Structure formats: structure tokens, C-alpha cells
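Just so it is clear, the model here is predicted, and its values are computed rather than measured. Heads up: numbering here begins at 1 and tracks the sequence.
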Amino acid sequence: MNEESYSNVPADFPRPSHRGAVAGAHDKLLMKTYNGQLYPAGETPPEIFTRWDACEHLATQLADKSTESKAGKRAHMSETEILAQYLPRIVATIRWASEEEARWIIRRVASILDWPVPVEAQEEKCY
């Protein structure tokens with residue numbers, strides 16, 4: 001992996017929001033150093049790239065699965081309904097993905113397939 005790879009992460013990919021767990025009366029901002037710069041914990045270019053790469057791979061797999069479903073056992077469902085039914089499954093079973101990342105994955109699948117994005121993937125909360 002090189003610095004150029006990190007620029008592949010789209011601007012709309014969710015970034016984590018971490019609050020410090022250090023004792024004291026005020027919130028703490030936990031920082032990490034990468035290439036001489038400070039980043040919030042979990043937000044260095046390699047960390048974001050790794051999360052995005054995993055989400056992109058899952059989106060590609062779900063795009064294939066969604067196409068198969070539309071042609072097969074879910075032919076009676078709309079494209080939006082097919083994508084919407086995957087969202088709670090991602091949240092419940094993919095323990096490494098946040099809700100924001102799960103919604104991004106569904107939006108990415110919709111983009112890959114040129115399908116409409118379900119309302120659930122556009123909102124703040126999945127449920």
C-alpha cells in the first residue's frame with residue numbers, strides 16, 4: 001500500500017468519531033501520529049483506507065448477490081426493496097462495520113448497479 005492508494009477513498013466514505021476515554025472532567029481527543037501529522041484515533045490514511053477497502057469489497061459482493069436475487073428468488077421485489085433488506089443484515093452480522101459504513105455500502109451497491117438508493121440508507125439511523 002502506498003500514499004496514492006489512500007487517495008482512492010471517496011470523500012463520502014464515513015469517518016469514525018471517537019471520544020476520549022481518558023479520566024478527567026472534559027472530553028479528550030485521542031490522536032495518532034502518521035507521517036508527522038496528527039489524526040484522530042482511527043482516522044489515519046491507512047486506517048481509513050483499510051476500512052474503505054473492506055467495505056468496497058463487500059459492496060462488490062452484494063452487487064453480484066443483488067443481481068442474482070433480482071433474477072431469481074427475489075424477482076417479485078423492487079430493486080430498492082432488495083437493497084433495503086440487506087441493510088439490517090449488515091448491521092447485525094458484520095461486526096466490524098459501523099451503521100454509517102453499512103449505509104455507505106448499500107449506497108455503493110446502488111451506485112454499482114445503477115439502482116435507486118433505499119430511504120433507510122439515506123437516513124441517520126437504520127431503524
>> On a heavy-atom basis, which atom in A110 and which in P116 lie closest, and how many Å separate them?
In response: CB-O, 3.9 Å

>> My understanding is that only residues two or more places apart in sequence, or in another chain, count here; which of them pass side-chain contact (heavy atoms from CB on, under 4.5 Å) with L38?
In response: M31, T33

>> Can you list everything that forms a side chain to side chain donor-acceptor pair (under 3.5 Å) with Q61? Sequence neighbours excluded, please.
In response: none

> What pairs with K32 under side chain to side chain donor-acceptor pair (under 3.5 Å), at least two apart in sequence or on another chain?
Replying inline: E47

> Looking only at heavy atoms, which two atoms of S66 and L83 are closest? And how far apart?
Replying inline: OG-CD2, 3.7 Å

>> Walk me through whether W52 and N8 qualify under side-chain contact (heavy atoms from CB on, under 4.5 Å).
In response: CA-CA 9 Å; W52 166 76; N8 291 333; 4.0 Å; yes

> If every non-hydrogen atom of I82 is compared with every non-hydrogen atom of K70, which pair is closest and at what distance?
Replying inline: CD1-CD, 3.6 Å

>> I'd like to check the side chain to side chain donor-acceptor pair (under 3.5 Å) partners of N35; sequence neighbours left out, ordered by chain and number.
In response: E3

>> I'd like to know if the side chain of R107 reaches the main chain of A121, judged simply by a donor and an acceptor atom lying under 3.5 Å from each other, with no hydrogens or angles considered.
In response: yes

>> Hydrophobic cluster membership, with links at side-chain heavy-atom distances under 4.5 Å among I/L/V/M/F/W/Y: are F49 and I105 in one?
In response: yes

> At their closest point, which heavy atom of I90 faces which heavy atom of I106, and how far apart are they?
Replying inline: CD1-CD1, 3.8 Å

> Within the distance-only criterion (no hydrogens, no angle test), does the side chain of R15 pair as donor or acceptor with the backbone N or O of F13 below 3.5 angstrom?
Replying inline: yes

> Which value, rounded to the nearest 0.5 Å, describes the distance between T50 atom OG1 and W96 atom CH2?
Replying inline: 11.0 Å

> By side-chain contact (heavy atoms from CB on, under 4.5 Å), which residues pair with D12, not counting sequence neighbours?
Replying inline: P10, W104

> Tell me, which pairs form a salt bridge (charged side-chain N to carboxylate O under 4.0 Å, His left out) where one or both residues lie in residues 49-61, sequence neighbours left out?
Replying inline: R51-E101, E56-R108

> For L113, which of T67, L62, D64 qualifies under side chain to side chain contact (heavy atoms under 4.5 Å, CB included)?
Replying inline: T67

> Sequence neighbours excluded, which residues qualify as side chain to side chain donor-acceptor pair (under 3.5 Å) partners of W115?
Replying inline: E79

> I48, I94: one ILVMFWY side-chain cluster at the under-4.5 Å cut-off?
Replying inline: yes

>> Going by side-chain contact (heavy atoms from CB on, under 4.5 Å), name the residues that satisfy it together with S78, two or more places apart in sequence or in a different chain.
In response: T80, E81

